[in-house]
Amino acid sequence: MIDIGLIREQPEVVKAGLVNRNDDPVRVDSILELDVQRRELLQQVEVLRADRNSVSKQIGRLKDQKKRERLIAEMRQVGDRIGELEIQLRQVESSLDAEMLALPALPHLSVPIGPDETHNPVLREWGEPRPLDFEPTPHWDLGPELSILDFERGTKLSGSRFYILRGAGARLQRALIAWMLDVHTREHGYTEIYPPFVVREECMWGAGELPKFADNIYRDVEDDLWLVPTAEVPLTNLHRDEILDDECLPIKYVAYTACFRREKMSAGRDVRGIKRGHQFDKVEMYKLTRPKASYDELEGMLEDALDICRRLDIPLRVKELCTGDLGFHSAKTYDIEMWAAGCGEWLEVSSVSNCETFQARRANIRYRPEPGAKPSFVHTLNGSGLALPRVMIAVLENYQRADGCVVVPDVLRPWMGGIEVIDGRAAR
RNA sequence: GGAGGGAUGGCCGAGUGGACGAUGGCGACGGUCUUGAAAACCGUUGUGGCCGCAAGGUCACCGAGGGUUCGAAUCCCUCUCCCUCCGCCA
């Protein structure tokens, strides 16, 4: 959510931000109009309520029956009028809320302006594709050949875009999760969280998934529970409606969860392999910070994600999202892409974002800058650290050998139970 | 799943229609006293909206949302959460 005060005072700034996002700036005008209406109605209602409050107190003390009845009759009329105005006020407020909740975060001034993903500048590159003296196989062939990946049976159980990991494949994923959690908790200072994988609707609003991405989220209608599309959702809501102590900031969390997405908006895209499934695993980093520190913390989080990539020794590049490609709730985002030799693609394995106060306002997460000071909103940041299926793809495709086997990267060996090479046998 | 009991300020806890934004206690903060500290005493101690340059005024909030009433923490309805007992169960 954007500060209504900012919209009132500097509507042109907000409009410029929306234009850069390819969004419609006219929405700002309708918000301003509703805001004026709201305040007018509010003032009318409050004057009447103040009157009724004081007269009602008098009535309680009055002995004179006649006067009493006269005042009660008067106040009944005042009450009716209040009721009418309150109905109007509620309508205006709910329209205003809906407009406010539909507004994306404003891009940070440092974000490059551009229309779409083709304008995302590459900021950094690291590593060289390792020289292969054979034609590399994409993971959708390599996995089934090694019997560690099974698409047919995944589809049999759950439909398209589901798959099964088997034997060393399943173990490789589990090793990646355990290893990444260990690095982030032991070396990068994050606290591990194991959250629920289903949450209430209000959590989806708080994290900014609703209203925009309703189509993309699985939901249990009977109990009104929503399957998390990312651990960012429960992590954002951990401190919903809280006022945090200044000393406990920044808070750094890391959580492993499965993630569930309908992928309706991406129907037909990336249908091959495990790049984009309805269910995938992810290790997610999350920070709540003081506003002044958030951009330093963003750089730190990017480094934490890059550290994982470098230790896997897979070529990568960092892009910054331009204004036109920025996510709904983010003010600034870096994407990390890993090279996948088999499918010959750069894969987005991490997206690191500063949401500033966007989620904090929605979820009402504040801190007290000094003892006795008024609470103000924290900044929230999130970043994949990393998204599993894509790291799996990169590992399988970059570490494959001419004989069709896959060498387990050194850093993962302690978690692989002695498996150094994934071959046909390791699948069992 | 069945039966019952709850939810009040940072915490404990009183309050069943009118002077209650809420008695009291604890904690925290400030002060008096003291060489210093403790004790004792005095005072302060929630969040948000709106109007205002400000001082200040006003409205809302007693788990959430509706309703009754001139007036609701208090009465009615719905929901959520917690506790106890029984059943079931990884």
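Chain identifiers are assigned alphabetically (A, B, ...) following the order of the sequence lines, protein sequences preceding nucleic acid strands; residue numbering begins at 1 within each chain. Predicted model only: the values in this text are computed from it and were never measured. When reading the values below, keep in mind they use all heavy atoms of this one structure, side chains included, and skip hydrogens, waters and symmetry mates.
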Exercise. How far does the C1' atom of B:G27 sit from the matching atom of B:C11, given to the nearest Å?
Worked result: 7 Å
Exercise. Roughly how far apart, to the nearest Å, are B:G63 and B:G9 at atom C1'?
Worked result: 14 Å
Exercise. If we take the P atom in both B:A90 and B:G6, what is their distance in whole Å?
Worked result: 34 Å
Exercise. When the ring planes of A:Tyr218 and A:Phe260 are compared, do they come out parallel, tilted or perpendicular, using 30° and 60° as the limits?
Worked result: perpendicular
Exercise. If you check the A:Leu42 side chain, which of B:C70, B:C81, B:G49 turns out closest?
Worked result: B:G49
For this session: Take A:Ala373 and A:Arg39, find for each the nucleotide of RNA chain B with the closest heavy atom, and name the residue whose nucleotide sits nearer the 5' end.
Result: A:Ala373
Exercise. Which nucleotide sits closest to the side chain of A:Pro375: B:C70, B:C51, B:G48?
Worked result: B:G48
Exercise. So which nucleotide does B:G46 pair with, by the Watson-Crick or G-U wobble rule with both distances under 3.5 Å?
Worked result: B:C61
For this session: Please state the P separation for the pair B:U23 and B:G49 - nearest whole angstrom.
Result: 25 Å
Exercise. So which nucleotide does B:A38 pair with, by the Watson-Crick or G-U wobble rule with both distances under 3.5 Å?
Worked result: none
Exercise. Is a salt bridge present between A:Glu74 and A:Arg70, judged by a nitrogen-to-oxygen distance below 4.0 Å?
Worked result: yes
For this session: Searching all strands shown, indicate the nucleotide that pairs with B:C53 (Watson-Crick or G-U wobble; both distances under 3.5 Å).
Result: none
Problem set entry | RNA chain B: 5'-proximal contact among A:Met75 and A:Ile243 (nearest heavy atom) | A:Ile243
Seminar exercise, completed: Whole-Å distance, A:Asp97 CG to B:G49 P, equals 13 Å
Exercise. Just by distance, with hydrogens left out, do A:Asp307 and A:His188 show a side-chain donor and acceptor under 3.5 Å apart?
Worked result: yes
Exercise. Which base, if any, makes a Watson-Crick or G-U wobble pair with B:G1, both distances under 3.5 Å?
Worked result: B:C86
Exercise. Looking at the side chain of A:Arg76, which of B:C50, B:C70, B:U47 is the nearest nucleotide?
Worked result: B:C70
Problem set entry | Aromatic ring pairing A:His239/A:Tyr253, orientation class (parallel under 30°, perpendicular over 60°, tilted between) | parallel
Problem set entry | P spacing across the pair B:U69 / B:A64, given as an integer number of angstrom | 23 Å
Exercise. Which is true for A:Arg81 with a 4.0 Å heavy-atom rule: it touches a base, it touches only sugar-phosphate, or it touches nothing?
Worked result: nothing
Problem set entry | Protein-nucleotide distance (A:Arg240, atom CZ; B:C81, atom P), rounded to Å | 12 Å
For this session: Check the distance between B:C51's P and A:Leu41's CG and give it to me in whole angstrom.
Result: 13 Å
Exercise. Do any side-chain nitrogens or oxygens of A:Asn53 fall under 4.0 Å of OP1 or OP2 in B:C59?
Worked result: yes
Problem set entry | Interatomic distance at P, B:G43 relative to B:G48, whole Å | 27 Å
Exercise. CG of A:Asp223 versus C1' of B:C79: gap in Å, rounded?
Worked result: 14 Å
Exercise. Can you tell me how far P in B:G2 sits from the matching atom in B:C79, rounded to whole Å?
Worked result: 13 Å
Problem set entry | Nearest-angstrom distance from the residue atom CD of A:Glu202 to P of B:U80 | 11 Å
Problem set entry | Nearest listed nucleotide, side chain of A:Arg90, among B:G67, B:U58, B:C70 | B:G67
Problem set entry | Lys/Arg N to Asp/Glu carboxylate O, A:Arg39 vs A:Glu46, below 4.0 Å | no
Exercise. Contact class for A:Arg68 (heavy atom, under 4.0 Å): base, sugar-phosphate, or nothing?
Worked result: base
For this session: Round to the nearest Å and state the distance from A:Asp241 atom CG to B:G10 atom P.
Result: 13 Å
Exercise. Say you pick atom P in B:A22 and the same atom in B:C62; how far apart are they, in whole Å?
Worked result: 14 Å
Exercise. Quick one: which of B:C59, B:G21, B:G71 gets closest to the side chain of A:Arg49?
Worked result: B:C59
Exercise. OP1 or OP2 of B:C70 sitting under 4.0 Å from any side-chain N/O of A:Arg70?
Worked result: no
Seminar exercise, completed: Picking from B:G49, B:A19, B:C70, the nucleotide nearest the side-chain atoms of A:Arg61 would be B:A19
Exercise. Is a side-chain donor or acceptor of A:Asn120 paired with a backbone partner of A:Cys322 at a separation under 3.5 angstrom?
Worked result: yes
Exercise. In whole angstrom, what separates A:Asn364's CG from B:G48's C1'?
Worked result: 9 Å
Problem set entry | Partner nucleotide of B:C81 by Watson-Crick or wobble geometry (both distances under 3.5 Å) | B:G6
Problem set entry | Base partner of B:G71, which must satisfy Watson-Crick or wobble distances under 3.5 Å | none
Exercise. Any side-chain donor paired with an acceptor under 3.5 Å for A:Glu297 and A:Thr289?
Worked result: no
For this session: Before giving the answer on side chain to side chain contact (heavy atoms under 4.5 Å, CB included), spell out for A:Arg200 and A:Asp224 the whole-Å C-alpha distance, their side-chain angles and the decisive distance to 0.1 Å.
Result: CA-CA 7 Å; A:Arg200 291 178 200 273; A:Asp224 197 28; over 6 Å; no
Exercise. Of the nucleotides B:C70, B:U58, B:C50, which has the atom closest to the A:Ala50 side chain?
Worked result: B:U58
Seminar exercise, completed: Taking B:A60, B:G48, B:C70 as options, the one with an atom nearest any side-chain atom of A:Lys374 is B:G48
Exercise. CD of A:Gln77 versus P of B:G71: gap in Å, rounded?
Worked result: 13 Å
Exercise. Would you say the base of B:G46 and the side-chain of A:Arg366 have a donor-acceptor pair closer than 3.5 Å?
Worked result: no
